[in-house]
Amino acid sequence: MGTVNMKVLLLFALVAAAAAWPNFGFQSDAGGAADAQKQHDVNFLLHKIYGDIRDSNLKGKADSFDPEANLSHYSDGGKAVQKLMRDLKDNRLLQQRHWFSLFNPRQREEALMLFDVLIHCKDWDTFVSNAAYFRQIMNEGEFVYALYVAVIHSPLSEHVVLPPLYEVTPHLFTNSEVIEAAYRAKQTQKPGKFKSSFTGTKKNPEQRVAYFGEDIGMNTHHVTWHMEFPFWWDDKYSHHLDRKGENFFWVHHQLTVRFDAERLSNYLDPVDELHWEKPIVQGFAPHTTYKYGGQFPSRPDNVDFEDVDGVARIRDLLIVESRIRDAIAHGYIVDRAGNHIDIMNERGIDVLGDVIESSLYSPNVQYYGALHNTAHIVLGRQSDPHGKYDLPPGVLEHFETATRDPSFFRLHKYMDNIFKEHKDSLPPYTVEELTFAGVSVDNVAIEGELETFFEDFEYNLINAVDDTEQIPDVEISTYVPRLNHKDFKIKIDVSNNKGQEVLATVRIFAWPHLDNNGIEFTFDEGRWNAIELDKFWVKLPAGTHHFERKSSESAVTVPDVPSFATLFEKTKEALAGADSGLTDFESATGIPNRFLLPKGNEQGLEFDLVVAVTDGAADAAVDGLHENTEFNHYGSHGKYPDNRPHGYPLDRKVPDERVFEDLPNFGHIQVKVFNHGEYIQHD
Ligand SMILES: *[C@@H]1O[C@H](CO)[C@@H](O)[C@H](O)[C@H]1NC(C)=O
Ligand SMILES: [Cu+2]
């Protein structure tokens, strides 16, 4: 009996390990040279997507490959490829030169059919041949989406760096005026560098924070996060995405609190939550145009919500919201079979995230609906709710463009407050739970001034314009202002009086000291508004320690995505045997490092900066975290690294702030973030 149980347990352990990152059945990685070739292939697959493939080898594959010729190259026996080929032969696929939106059910289905093919390719040659083949046939937007998600999730492309989407599909990120200038430059064969400015004018106070929602790096972070954790993800593709619902909450919670900190920096009130029965206060004129399909629709100020034909009625959204609030009040979710799922614990937020988004992980989409996704479409369509004018989808129906519309932040404030209702319903943390016995934070200090500035950033627009191989390329680019900060270090003194080495988790947050009326935030308000600055693990031998953490090392951020030009150059060098130097850029899921600090202002915006050092051995969900340099803030290879909830230990209420102020393993200082109007102009 005992042995049988052991075997069952062992089997479970094996299955669980495999589920996180399935490698069996795939060709083993041949290392550097193979990675360089993969990078080369992906570069060319995503370059000039509206024209011919410019690599002869890839073009050859695209022209001659027969996806159904040998089905043993697919881990699903060719099921996915046969399904897609059938729709292709029956002429059911969306044409090329048409807009694509992930929120359009049929278009999503088509993109996912291609993703399904790619994720089931057992070797790179099959993967790349299919990608090249379908690039020539399928809608460009569907192709780009499917390839991005497949490269992110397939073990075959683990080390491939995806090019920045703002250079692959510049139309979604660039103002129409600049795109028009780019077309003229191409036509007249005159190189050009064009200045982009943010939408709107100074008459619109929202313009003061447009640098946040319209930042192309912020847009890249948001869209990449949604590709890492797609709402349509089904574990049958390959593996389970750990803590997906909670990640959904946290990534948007951070955008929400960050945006409010930007507003405070610019003397604006915090965002009000969206209310289905009140007008949408802020209008929006996107000033962006689809490559094919016309302009993104605008919306005037103070529009009342209308039902959107074929999508949802406003009262249905209210019903779904009240069911979710009921679940929070009851402390459980009712699944499809009528069973209760307890959410009064630290895993409750994960279930709630799945429910609110909703993703396929939602235990009961029939009952709780899809509040977030439906709201995006309903809000995106308010310019043409009945489809009378045949307008294309709004910016809110694309993760690339959604944050440009100020109502995105209203919508997310509304959902964030629902999550808050749940977090506030959980039992408060006690001193005993938060103490790391024997370990204390003795001092926290900042080296260097916390100072932000604006600078011009240039990116290439060559993929925006039409071209053929007969007409030579000319250099066309745009430069946009973007926020950055000076380097700084956080210096921490810690004592370990345990008499032996311990693993510690260091969590660093900051929240604005005063609200928009100059009233000090209470601890409870502050902790909810905390911006996560860093989280890392260190080994602390017995004794006292001084360590310094550079702003550039922050584990919640990623460096700028390398440009197409850099990728081409590095790939060439790597193919010739050099190190690609691209390892640091494998993930674009974090916020850009230059966005680590909110803007601040001339007088210095005051923040409470806190450092919590907790028991790393209890927190760590995987080994070797103290040596990790890979971006894994939302988990990597399907596994989330931290046993604690996102935002721990500030994610729940405490009886009062003395709990923290008396904790030896908690440090708290006041800092100021300055912006002296410095602007590093483009030469
Ligand atoms: C199909 O692919 C498998 C695996 O690569 C190979 O062993 C087999 O020979 C191929 N069959 C044909 C008919 O090419
Ligand atoms: Cu989002």
Side-chain angles (χ1 to χ4, degrees), residues 24-28 30 61 64-78 81-82 101-103 108 120-130 145 148-149 156 165 172 212-233 241 244-259 271 274 352-359 361 370-380 393-416 418-419 588-591 595 633-634 646:
F24 48 83
F26 293 88
Q27 261 181 6
S28 68
K61 284 188 205 286
S64 63
F65 183 64
D66 174 0
E68 292 174 297
N70 189 340
L71 299 180
S72 71
H73 290 162
Y74 302 96
S75 56
D76 64 346
V81 81
Q82 285 175 319
S101 164
L102 186 67
F103 286 107
R108 178 170 68 245
H120 285 110
C121 293
K122 289 207 273 192
D123 56 80
W124 185 252
D125 191 51
T126 308
F127 185 105
V128 80
S129 304
N130 271 296
Y145 183 76
Y148 265 77
V149 186
L156 294 171
L165 272 168
L172 296 176
F212 187 77
E214 296 184 24
D215 185 272
I216 53 170
M218 181 52 69
N219 296 159
T220 302
H221 154 65
H222 185 228
V223 68
T224 311
W225 185 90
H226 278 283
M227 288 171 166
E228 284 258 2
F229 298 96
F231 62 83
W232 48 263
W233 183 266
L241 302 177
K244 182 150 92 82
E246 183 182 359
N247 278 339
F248 170 79
F249 152 65
W250 189 251
V251 77
H252 293 100
H253 175 67
Q254 283 299 302
L255 287 181
T256 304
V257 299
R258 252 316 280 276
F259 191 57
V271 175
L274 180 138
L352 209 52
D354 292 336
V355 163
I356 289 177
E357 186 171 15
S358 71
S359 73
Y361 287 1
L371 188 59
H372 164 264
N373 290 352
T374 313
H376 262 269
I377 307 174
V378 166
L379 202 44
V395 291
L396 281 152
E397 293 167 79
H398 298 268
F399 290 125
E400 293 93 325
T401 53
T403 61
R404 293 173 166 256
D405 187 334
S407 71
F408 170 88
F409 293 100
R410 277 188 183 252
L411 170 62
H412 277 280
K413 180 62 82 68
Y414 156 73
M415 281 179 299
D416 203 50
I418 302 177
F419 285 118
T589 303
I591 57 165
F595 253 47
H633 191 57
Y634 295 97
H646 267 296

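Both counts, for ligands and for their atoms, begin at 1 and track the order of listing.
The atom of His252 that is an N, O or S and sits closest to the Cu ion (ligand 2) is NE2.
When hydrogens are left out, the protein atom nearest atom 3 (C) of ligand 1 is Ser72 OG, 3.3 Å; that is the closest non-hydrogen contact. Here the protein heavy atom with the shortest distance to atom 5 (O) of ligand 1 is His73 NE2, 3.0 Å. Among protein heavy atoms, atom 10 (C) of ligand 1 sits closest to Asn70 ND2, 2.4 Å.
Ring-plane geometry between Phe127 and Trp124 is classed as parallel, the angle between the planes falling under 30 degrees on a 0 to 90 degree scale with a further cut at 60.
Inclusion of His222 in the first shell of the Cu ion (ligand 2) is supported: an N, O or S atom falls under 2.8 Å. Note on His226: counted as a metal contact of the Cu ion (ligand 2), an N/O/S atom lying under 2.8 Å.
Between the side chains of Asn247 and His646, a donor-acceptor pair is found at a separation under 3.5 Å.
In this structure a side-chain-to-backbone donor-acceptor pair under 3.5 Å is present from Thr403 to Gly213. For the pair Tyr361 (side chain) and Gly353 (backbone), a donor-acceptor distance under 3.5 Å is absent. Within the 3.5 Å criterion, the main-chain N or O of Phe399 finds a donor-acceptor partner in the side chain of His222.
Checking atom 13 (C) of ligand 1 against the protein gives no heavy-atom contact under 4.0 Å.
Checked against His226 for a ring-ring contact (aromatic ring centres under 6.0 Å, His included), the options His398, His252, His221 give a single hit: His252.
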